[in-house]
Amino acid sequence: MNNEPSLLDYLKSVLDPRKERIRLTGIETDAAPESPPVFVPEEKPPERVRLYQEPPVGERSVALGPEVAADIEPADQTVSESRQFPWRSLGAVFLALFAQSAFEPPDRLVSMGVTLYVIAIAAAIWAVYSGEYELPEIPRVNYRKDSYFVNRKLVLIAMPAILLAFLVLGGNRFTFFNLVIWVGALLLLSFGLAEMNPRSGRLQDLARKLTPPYTIRLSTWSITFTIGFGLALFFRFYHLNSVPLQMFSDHAEKLQDVQDLLNGETRIFFPRNTGREFVQMYLTAFTARVLGFDLTFMALKMGTALAGIVALPYIYLLGKEIANREVGLIAMVFAGISYWLNVITRVALRFSLSPLFVAPTIFYIVRGLRRGNRNDFIWAGIFLGLGLHGYSPYRFVPFLVVAIVVLFILHAMTDSKRVQGLWHLGVVIAVSFVIFLPLLRFISESEANQNLVLYRSLTRLTSIEAPLPENPLKIFTENMWRSLTMFAWDNGNTWVHSVVLRPALDVVSGALFHLGFFLLILRYARQRRWEDSVLILSIPLLLMPSALSLAFPSENPSLNRSGGAIIPVFIIAAMPLVGLMTSIKRWVSSHWGTFTAWAIAVALISFSALMNYDLVFRQYNDQYNLASWNTTDLGRVIREFADTEGSENTAWVI
């Protein structure tokens, strides 16, 4: 009889636990599972698991070939780094904060501050090389080749119109006729040079947005942006009528110029008080005539306050263009709450016109060079030309524009980009030249007019008013060093527009700026991106109007003449903070990471806001009131005298 078990016997032994398991020779081994294969899925072979499973930290698989191991290793490093607590990054930021706080007056600890800054920068560099920390990347954009097509008819008509505008803008007067010719020449040239692409859909999109029904979409980002901009508005307009309280002679002469303007003397250049360009006068006339303010100190303040506000969206746009929207937002908030921008805005002189026009000029130049969009350069030319009618230190900005284009050309990879960069620079020069025509016409009329326009600058640069105290190269070198160190140490001794003998930046923005500046230099050395070089080089170039005060070096540094540097300074200050936020988000890869990152950012911004509030509304206000005459009471007494028994002409201040 055949005693070999049948298939039925085998199944019974498998299914009935009371019976002994029958083993089939050559099919099952000792490693076979106890449960029947029909109920338990077959496990994958161990060698396949190694291809997909993450190896333990620090372990390297020897079973894999070198090509496969090389493919897996970067992913393992990314996971490991993303989960790593960013202690180097946090340490660098907080060490920089302690370093900057050591430079705060009155009890300054210089050695400690310098030492902590060196350690903070070293920690930041260590964090960068370890992969834990990095500045926000410059976004890649599509670069379009220029067609070099222009509307010849419009450009040819613009040429005689420009010449005619130059001729009719004489006599130091704006008239209805010469304004029509001047603006018409600008429009003809701008539309002649503009790239018109009817298939782009931009006009259709704009028309669609302007057509009812209107929809308002709220997002977390739009709410965050609104809160940030609202904080800047608070700092700009809070107690604007009383901080500062008193006028001085410059304000009185400005109001006289505006009164002349409202009486019909529509000048191109206002000769009173060594001469002033026209933008502030017409801006103040707008606040008085259109916004309904009396022709008082408040009318001057409102105009310059609005100028300071308009600059902020362009700071956001520039930060977004060369980094991301977080950098743009934080830079805008830092600038909006900064004591620097607040005091040069509130003092109601022309100082805030510099950042007003520097911000859009740099933005359109940089965006145009990055994207190859010719129309951006037309806008850059418009703001460049308008800035030349605002505040005399702005006259150095054309050199900055040329420097930015040169940096782009030096970093360009192809000849076509270099040629296109030069062509676009020509567009900027042509458009800004047309905007500059009124002042050019005034200068060309007489040597006296030329001296009047250039007098203020030449008295600081040359010895026509006072002899140069030392060798001019030595003075300039010392001036530039003092200007470059004013962010951390001393912003000058002028009580009108600064809290004297203190840093230009608060502890938070000062620490972040210096950290970001050195990290930017490091990144440029590694990546050679021209956008980084623009931020780095724009700082000393925008400090030039202050550093070139060779005849009066005691006036350097000055927050008013350096006002254009506000734009790159606060963008650089925002970058390391956003880099720290990114490191924290990697450490906690969930919504809690985002919450923690923004909580740290809000805490630092709040600390900065409190310090700037104290600087503006207590320290600056008290200092200003102690240094200025009580002109408010003087004016009230003279007004009472003039309205009763005397007149303004018989009132004397002794």
Side-chain angles (χ1 to χ4, degrees), residues 128 134-152 155 189-202 314 317-325 327-328 358-384 397-433 519-542 567-568 571-572 575:
V128 168
E134 62 182 1
L135 295 179
E137 285 295 322
I138 302 172
R140 302 284 181 176
V141 294
N142 293 326
Y143 185 85
R144 51 189 292 192
K145 292 184 178 180
D146 200 302
S147 64
Y148 297 99
F149 172 81
V150 297
N151 190 319
R152 294 183 181 179
V155 172
L189 181 65
S190 298
F191 282 105
L193 294 176
E195 285 185 307
M196 298 296 182
N197 185 7
R199 292 179 295 178
S200 65
R202 292 183 179 179
Y314 279 105
L317 291 173
L318 180 59
K320 181 181 177 183
E321 179 66 27
I322 60 178
N324 55 42
R325 63 181 187 176
V327 168
V358 168
T361 300
I362 297 180
F363 166 68
Y364 285 116
I365 286 288
V366 170
R367 190 175 75 169
L369 289 172
R370 279 171 48 80
R371 300 169 185 264
N373 185 4
R374 193 197 309 169
N375 295 343
D376 283 331
F377 295 94
I378 295 175
W379 284 110
I382 291 173
F383 283 104
L384 178 62
V397 175
F399 296 98
L400 173 63
V401 170
V402 173
I404 292 174
V405 177
V406 169
L407 288 172
F408 172 79
I409 291 173
L410 291 176
H411 291 78
M413 301 300 293
T414 62
D415 290 338
S416 61
K417 281 190 174 183
R418 298 185 186 99
V419 173
Q420 186 166 317
L422 289 173
W423 156 237
H424 287 158
L425 177 61
V427 172
V428 176
I429 294 172
V431 174
S432 61
F433 175 79
L519 290 178
L520 208 59
I521 294 175
L522 174 65
R523 188 170 75 176
Y524 176 75
R526 300 172 70 190
Q527 299 182 7
R528 294 292 196 276
R529 296 292 299 272
W530 69 270
E531 295 93 336
D532 286 341
S533 67
V534 167
L535 285 177
I536 295 168
L537 187 62
S538 63
I539 300 293
L541 287 178
L542 289 170
I567 286 79
I571 289 176
I572 292 174
M575 295 177 78

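Along the sequence shown, the residues carry numbers beginning at 1. Note that the structure is a prediction, hence the values are computed from the model and not measured.
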Minimal non-hydrogen separation, [X] against [Y], with atom names:
| X | Y | result |
| --- | --- | --- |
| Ile571 | Val327 | O-CG1, 4.1 Å |
| Ala380 | Val428 | CB-CG2, 4.3 Å |
| Pro139 | Ala323 | CD-O, 3.2 Å |
| Pro136 | Asn324 | CB-ND2, 3.5 Å |
| Leu400 | Leu542 | CD2-CD2, 3.7 Å |
| Leu193 | Ile378 | C-CD1, 4.0 Å |

State whether the number of non-hydrogen atoms from other residues, nucleotides or ligands found under 6.0 Å of Tyr524 atom OH is greater than 12. yes

Take a 6.0 Å sphere around OH of Tyr143 and say whether it holds more than 12 heavy atoms from other residues, nucleotides or ligands. yes

Expected output: side-chain Asn375 to main-chain Glu195 donor-acceptor under 3.5 Å: yes

Would the distance check show the side chain of Arg374 and the main-chain N or O of Trp423 forming a donor-acceptor pair, the cut-off being under 3.5 Å? no

Between [atom1] of [X] and [atom2] of [Y], what distance do you get to the nearest 0.5 Å?
| X | Y | atom1 | atom2 | result |
| --- | --- | --- | --- | --- |
| Ile567 | Leu318 | CD1 | CG | 8.5 Å |
| Asn151 | Phe149 | CG | CZ | 6.0 Å |
| Leu537 | Trp530 | CG | CH2 | 12.5 Å |
| Leu535 | Arg523 | CG | CZ | 8.5 Å |
| Ile138 | Asp532 | CD1 | CG | 4.0 Å |
| Leu407 | Arg529 | CG | CZ | 13.5 Å |

Flag the pair Phe363 / Phe383 as yes when their ring centroid distance falls below 6.0 Å, and as no otherwise. no

With sequence neighbours left out, what residues match Phe433 under ring pair (Phe, Tyr, Trp, His ring centres under 6.0 Å)? none

May I have the step-by-step check of side chain to side chain contact (heavy atoms under 4.5 Å, CB included) for Ile409 and Leu425, ending in yes or no? CA-CA 11 Å; Ile409 291 173; Leu425 177 61; over 6 Å; no

Test ring-ring contact (aromatic ring centres under 6.0 Å, His included) applied to His424 and Phe377, Trp379, Phe408, the passing residue: Phe377

Are any of the side-chain nitrogens in Glu134 or Arg526 under 4.0 Å away from the carboxylate oxygens of its partner? no

Taking 4.0 angstrom as the limit, do Arg371 and Glu321 come out as a salt bridge? yes

Test side chain to side chain contact (heavy atoms under 4.5 Å, CB included) on Ile429 and Val402 and set out the steps. CA-CA 10 Å; Ile429 294 172; Val402 173; 5.7 Å; no

Is any side-chain heavy atom of Glu531 less than 4.5 Å from a side-chain heavy atom of Val534? no

